Amino acid sequence: MKSLEIPFGRRTRKYRFFEMLPALCSYATLLLLPILALWNTTAASMYLILIIFTMLIKAVGIGYHTIKGYNRMEAAQKVDWHHRLEDLEKPTQALKHWQNHSSKMFGHKYHLANLQRITDNPDNLMKPSQLRHIIIIAAYNESREVIEPTIKSLLETTTDSKQLLIVFAYEERGGKEIAKTAQELAKKYGKRFGLFYPVMHPKNLPNEVVGKGGNITYAGQQIAAKLKSEGKDFARYVVTSLDCDNRPHKAYFDYVSYEYIVHENRKHLSYQPISLFLNNIWDVPAPMRVIATGNSFWNIISSMRPDALRNFASHSQPLDALYEMDFWSKRSIVEDGHQFWRSYFHFKGDYAVAPVYVPIYQDAVLSETYRKTLVAQFKQLRRWAYGASDVPYVATRVFTKDRQVPFLDGFLKFYELLDGHVTLATIAILITIGGWIPLLINSESARSVSAHQLPVVVSGMMQVAMIGLFISIFLSFKMLPPRPARYKKHRTFFMLIQWVLMPVTSVLYSAFAALNAQTHLLFARYLDKFDVTEKATVKEINRAQRRRHWWQWWRADRVSGPK
């Protein structure tokens, strides 16, 4: 079987070409506008209008999926998933009960169909009581104030805590403090779960980049070895990877258990929740709030397209599947998204991501100082955008004689991957400043009607696209957690006017971070170190007693309560 790992060290010419391809396409897309403007302003105008019109059509779909995805998430959170699991323990009795009751609850017909199928074919039934969840919590050097709420949130789920096996994966390079925290947490919470197993990931292991993938893979290998020595059946374990600031919805593990049991091809699936960056949304600076909210909505939208859904951040996957493919990649700093492609090629194309329509809440970026927060946010987005490194990984496995996936399916997935990264790096820039390019660089454009009308046309098209933004603003207020007592009511007003920053964050963060990541690949300056996103709490920041400057009065991370 062909290795699932990314090349380490020197690449082949074919691999290098596809590494360079995202940057070449992105820069070509950007440079084509001024080149056309120098030659013919009408051609440049048509090029830009075509791009924006295409994005306008996509924006309509995005607005539709945003509303539909939000409604589905809200509906899924109202379902008693624990009760549905209990139905699977005695499917025949449950089927008779529900056939006599009508319900408008989310997924009711789906539940009836599953009960009918299991009743007709009981041999394939796995009892919910037989299932266990391994939860790998990855940590580097975060404080206990960041980590402990995640542990507590696991105790508050509707799943019996004895069915949860906690593997606390921490880094040796994180220092003595994180090791101390691991032992303290194990002592405090160990008896409340089925297992609390601290695993220290040694530093400087060979053939590993410095990143989360090596950490959680090492932890997965350790727990797998332990369970194998005890003669456990790996098919009865589902593994969920969490960052140490993640807080799953109370029904998450019951929901995953349900989906795992009702799918006969469960080994060939992973289970993807909706990541919402809302834990500390009231505390972070305004630019970070806009970015975090936008990313949250993108995850909601993605859940509505299961065919294009990919692993992102926290997700769940069967232990037997992970064990076969040696868990996650140790050579990529984007082990979450890359896991889709490892699984896709491992199962020779017979692999999919099942959406789980309940959230896992995460922290938005917040560091000790405003400047550090801005830098940390850029690094986080660059790390995500470094998923462009999957382009050569996919291409060299699709465009080859010995490919092991259907060519058409592989090609379409490759195209979507490449198009997504090029779009991320270019569209915000073209929309923001593209309308003025012909007027600025071509003296002949002063006499061109099309050049003078272009900014007006672009502005008009963008006003139509603003409908999607208004939808996002409205829904973002509905998703906000309660305002902390330390903030006054006028804080809500800042939550509204923050959206004027969206064009700035789209260009300076999303687009530039993507171009930066692709440029690293273009010149083989690989990002071989996971830039850990700093996770500070308001208490830690207040403790540091940061000095504020007069020009920071508008900062969204200022605290109006007592220090």
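Small disclaimer: the values here were computed from a predicted structure and weren't measured.
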**Request:** Considering non-hydrogen atoms only, spot the tightest contact between Gln222 and Val199 and give its length.
**Result:** CG-CG1, 3.8 Å

**Request:** Could you tell me whether Lys226 sits above the aromatic face of Tyr197, with NZ or CZ closer than 6.0 angstrom to the six-membered ring centre and within 45 degrees of the axis?
**Result:** yes

**Message:** I'd like to know whether the aromatic ring centres of His338 and Trp328 sit less than 6.0 Å apart in this structure.
**Reply:** no

**Salt-bridge contact Lys250-Glu156 (side-chain N to carboxylate O under 4.0 Å)** = no

**Request:** Give the minimum heavy-atom separation between Ile300 and Thr66, together with the two atoms involved.
**Result:** CG2-O, 4.1 Å

**More than 12 heavy atoms from other groups under 6.0 Å of NZ on Lys162** = yes

**Fill in**
With sequence neighbours left out, the residues meeting salt bridge (Lys or Arg N to Asp or Glu O under 4.0 Å) with Arg483 are none

**Request:** List the steps, then state whether side-chain contact (heavy atoms from CB on, under 4.5 Å) holds for Leu195 with Ile223.
**Result:** CA-CA 10 Å; Leu195 177 71; Ile223 190 63; 3.6 Å; yes

**Prompt:** Can you list the steps and then say if Arg144 with Glu184 is a salt bridge (Lys or Arg N to Asp or Glu O under 4.0 Å)?
**Reply:** CA-CA 9 Å; Arg144 184 166 173 171; Glu184 289 175 348; 2.9 Å; yes

**Request:** Answer with yes or no whether the side chains of Gln272 and Ser303 bring together a donor and an acceptor at under 3.5 Å.
**Result:** no

**Request:** List the atom of Ala354, the atom of Leu309, and the distance in Å for their closest heavy-atom pair.
**Result:** C-CD2, 4.3 Å

**Note, Leu88 side chain near Val262 side chain (heavy atom, < 4.5 Å)** = yes

**Request:** Could you label the plane-to-plane angle of the Phe411 and Phe407 rings as parallel, tilted or perpendicular, counting under 30° as parallel and over 60° as perpendicular?
**Result:** parallel

**Message:** For a 4.5 angstrom cut-off between non-hydrogen side-chain atoms, does Ile137 reach Tyr170?
**Reply:** no

**Asked** Cationic tip of Arg342 within the cone over Phe345's six-membered ring, i.e. under 6.0 Å and within 45° of the normal?
**Response** no

**Asked** So, are Lys330 and Glu335 salt-bridged, with charged N and O less than 4.0 Å apart?
**Response** no

**Asked** Quick one: do Lys188 and Glu148 make a salt bridge, cutoff under 4.0 Å?
**Response** yes

**Contact summary for Pro481 and Leu278, nearest pair of heavy atoms** = CG-O, 3.6 Å

**Prompt:** Are His133 and Phe253 close enough that their ring centres sit under 6.0 Å apart?
**Reply:** yes

**Message:** side-chain contact (heavy atoms from CB on, under 4.5 Å) for Val284 and Thr373? Distances and angles first, verdict last.
**Reply:** CA-CA 9 Å; Val284 300; Thr373 300; 5.8 Å; no

**Request:** Report yes if the side chains of Arg397 and Arg403 come closer than 4.5 Å at any heavy-atom pair, otherwise no.
**Result:** no

**Request:** Indicate yes or no: does Glu171 engage Lys203 in a salt bridge with an N to O separation below 4.0 Å.
**Result:** no

**Asked** Hey, are the side chains of Ile136 and Ile134 touching, using non-hydrogen atoms and a 4.5 Å cut-off?
**Response** yes

**Request:** Tell me, please, whether Tyr386 has Arg383 positioned over its six-membered ring: NZ or CZ under 6.0 Å from the ring centre and within 45 degrees of its axis?
**Result:** no

**Request:** Measure the acute angle between the ring planes of His263 and Tyr110, then classify it against the limits of 30° and 60° as parallel, tilted or perpendicular.
**Result:** tilted

**Donor-acceptor pair between Ser316 and Thr240 side chains, under 3.5 angstrom** = yes

**Request:** Decide whether Asp409 and Tyr344 meet the rule of one side-chain donor and one side-chain acceptor closer than 3.5 Å.
**Result:** yes

**Request:** State plainly whether the residues Asp80 and Arg84 are in salt-bridge range, i.e. N to O under 4.0 Å.
**Result:** no

**Message:** For a quick check under 3.5 Å, do Tyr361 and Arg247 share a side-chain donor-acceptor pair by atom type?
**Reply:** no

**Asked** Between Asp336 and Arg310, is there a salt bridge with N-O shorter than 4.0 Å?
**Response** no

**Request:** Indicate the atoms forming the closest heavy-atom contact of Ala313 with Gln362, along with that distance.
**Result:** CB-OE1, 3.6 Å

**Message:** Using side-chain heavy atoms (C-beta onward) and a distance below 4.5 Å, is Arg266 in contact with Met126?
**Reply:** yes

**Item:** salt bridge (Lys or Arg N to Asp or Glu O under 4.0 Å) assessment of Glu264 paired with Arg117
**Value:** CA-CA 11 Å; Glu264 294 183 358; Arg117 179 173 48 79; 3.6 Å; yes

**Heavy-atom side-chain contact between Ile151 and Phe193 under 4.5 Å** = yes

**Prompt:** If we only count heavy atoms from C-beta on, is the His346 to Tyr351 side-chain gap below 4.5 Å?
**Reply:** no

**Fill in**
Minimal heavy-atom distance between Leu131 and Gln163, with the atoms involved, is O-NE2, 2.8 Å

**Asked** Does a donor on one side chain and an acceptor on the other come within less than 3.5 Å for Ser302 and His65?
**Response** no

**Asked** Looking only at side chains, do Tyr258 and Asn114 share a donor and an acceptor under 3.5 Å apart?
**Response** yes

**Message:** Could you check whether any side-chain heavy atom of Tyr357 comes within less than 4.5 Å of a side-chain heavy atom of Phe106, counting everything from C-beta outward?
**Reply:** yes

**Request:** Can you label the angle between the Tyr218 ring and the His201 ring as parallel, tilted or perpendicular, going by 30° and 60°?
**Result:** tilted

**Complete:** By salt bridge (Lys or Arg N to Asp or Glu O under 4.0 Å), Arg236 pairs with (sequence neighbours left out) Asp233

**Request:** State, without any angle test, whether Asn295 and Trp384 hold a side-chain donor-acceptor pair at a distance under 3.5 Å.
**Result:** no

**Prompt:** So, Ser270 and Asn311: side-chain donor and acceptor under 3.5 Å apart, yes or no?
**Reply:** yes

**Item:** Worked check of side-chain contact (heavy atoms from CB on, under 4.5 Å) between Phe474 and Ile471
**Value:** CA-CA 5 Å; Phe474 174 72; Ile471 292 172; 5.9 Å; no

**Message:** Is a donor from one side chain sitting under 3.5 angstrom from an acceptor on the other, for Gln317 and Ser343?
**Reply:** yes

**Message:** For a quick check under 3.5 Å, do Ser329 and Glu5 share a side-chain donor-acceptor pair by atom type?
**Reply:** yes

**Prompt:** Does the side-chain contact (heavy atoms from CB on, under 4.5 Å) test come out yes or no for Asp243 and Asp363, once each step is laid out?
**Reply:** CA-CA 10 Å; Asp243 286 345; Asp363 286 354; over 6 Å; no

**Request:** Return yes if a side-chain donor-acceptor contact under 3.5 Å exists between Lys228 and Tyr323, otherwise no.
**Result:** yes

**Message:** Under the side-chain hydrogen bond (donor to acceptor under 3.5 Å, both in side chains) test against His82, which residue among Thr157, Asp254, Thr158 passes?
**Reply:** Asp254

**Request:** Please find out if less than 6.0 Å separates the ring center of Tyr252 from that of Trp81.
**Result:** no

**Message:** Between the side chains of Arg486 and Asp283, is the shortest nitrogen-to-carboxylate-oxygen separation below 4.0 Å, so that they form an ion pair?
**Reply:** yes

**Counterpart residues, salt bridge (Lys or Arg N to Asp or Glu O under 4.0 Å), relative to Lys58 (two or more places apart)** = Asp419

